[in-house]
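Heads up: the structure comes next, in structure tokens.
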Amino acid sequence: MILNQLTSMILAIPLINQSQIVIVLTVVVIFFGIILILGVRKSYKLKKENERLEKMNTSISDDEEDYKDFTEGHMYGNK
């Protein structure tokens, strides 16, 4: 009986308060929110850069000649 009362008194002492849990969760949400915002920003920048490179690629491909196979005269090919 005394042991039961002692264990119930020990378990009644809160190791973590509700306010501490709220603070930790708030910090975690802010941390992951910042990471999410940075990821979306980076994705937007990469998409913009990709579009710029695609425009540059089409202007180069218009000026290029068609590919010519240079292995025709190679000594190991076309046996």
Side-chain angles (χ1 to χ4, degrees):
M1 177 132 173
I2 294 175
L3 183 61
N4 193 12
Q5 287 179 346
L6 185 61
T7 56
S8 67
M9 288 172 60
I10 291 173
L11 292 176
I13 300 172
L15 298 176
I16 301 175
N17 292 337
Q18 184 179 1
S19 62
Q20 291 173 335
I21 293 173
V22 170
I23 290 171
V24 169
L25 288 176
T26 304
V27 169
V28 168
V29 166
I30 289 172
F31 175 75
F32 283 112
I34 290 171
I35 289 177
L36 180 67
I37 289 170
L38 290 175
V40 168
R41 183 175 161 246
K42 183 72 171 183
S43 174
Y44 177 74
K45 282 186 170 184
L46 285 173
K47 185 177 179 183
K48 201 172 181 182
E49 179 75 10
N50 190 25
E51 289 172 357
R52 186 182 69 83
L53 290 173
E54 285 293 324
K55 286 180 185 176
M56 185 186 305
N57 189 20
T58 57
S59 65
I60 290 174
S61 67
D62 292 340
D63 298 337
E64 262 182 30
E65 295 178 10
D66 290 338
Y67 175 75
K68 295 179 182 175
D69 188 14
F70 60 91
T71 61
E72 295 261 340
H74 198 273
M75 60 192 278
Y76 299 115
N78 295 333
K79 289 186 177 182

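These values consider heavy atoms only, across backbone and side chains, with no hydrogens, waters or symmetry-generated copies. For the single chain, residues carry numbers from 1 onward in sequence order.
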Original post:
Between I35 and V28, is there a shared hydrophobic cluster once you connect ILVMFWY residues whose side-chain heavy atoms come closer than 4.5 Å?
Top reply: yes
**OP:** Would you confirm whether S43, through its side chain, and G39, through its main-chain N or O, come within 3.5 Å as a donor-acceptor pair?
**Re:** no
**OP:** Drop me the distance from E51's CD to E54's CD, to the nearest 0.5 angstrom.
**Re:** 9.0 Å
Original post:
Can you get from V22 to I30 by hopping between Ile, Leu, Val, Met, Phe, Trp and Tyr side chains that sit under 4.5 Å apart?
Top reply: no
Subject >> Between CG on residue N50 and NZ on residue K48, distance to nearest 0.5 Å >> reply: 13.5 Å
**OP:** Given salt bridge (charged side-chain N to carboxylate O under 4.0 Å, His left out), test R52 with E49 step by step and report yes or no.
**Re:** CA-CA 5 Å; R52 186 182 69 83; E49 179 75 10; 2.6 Å; yes
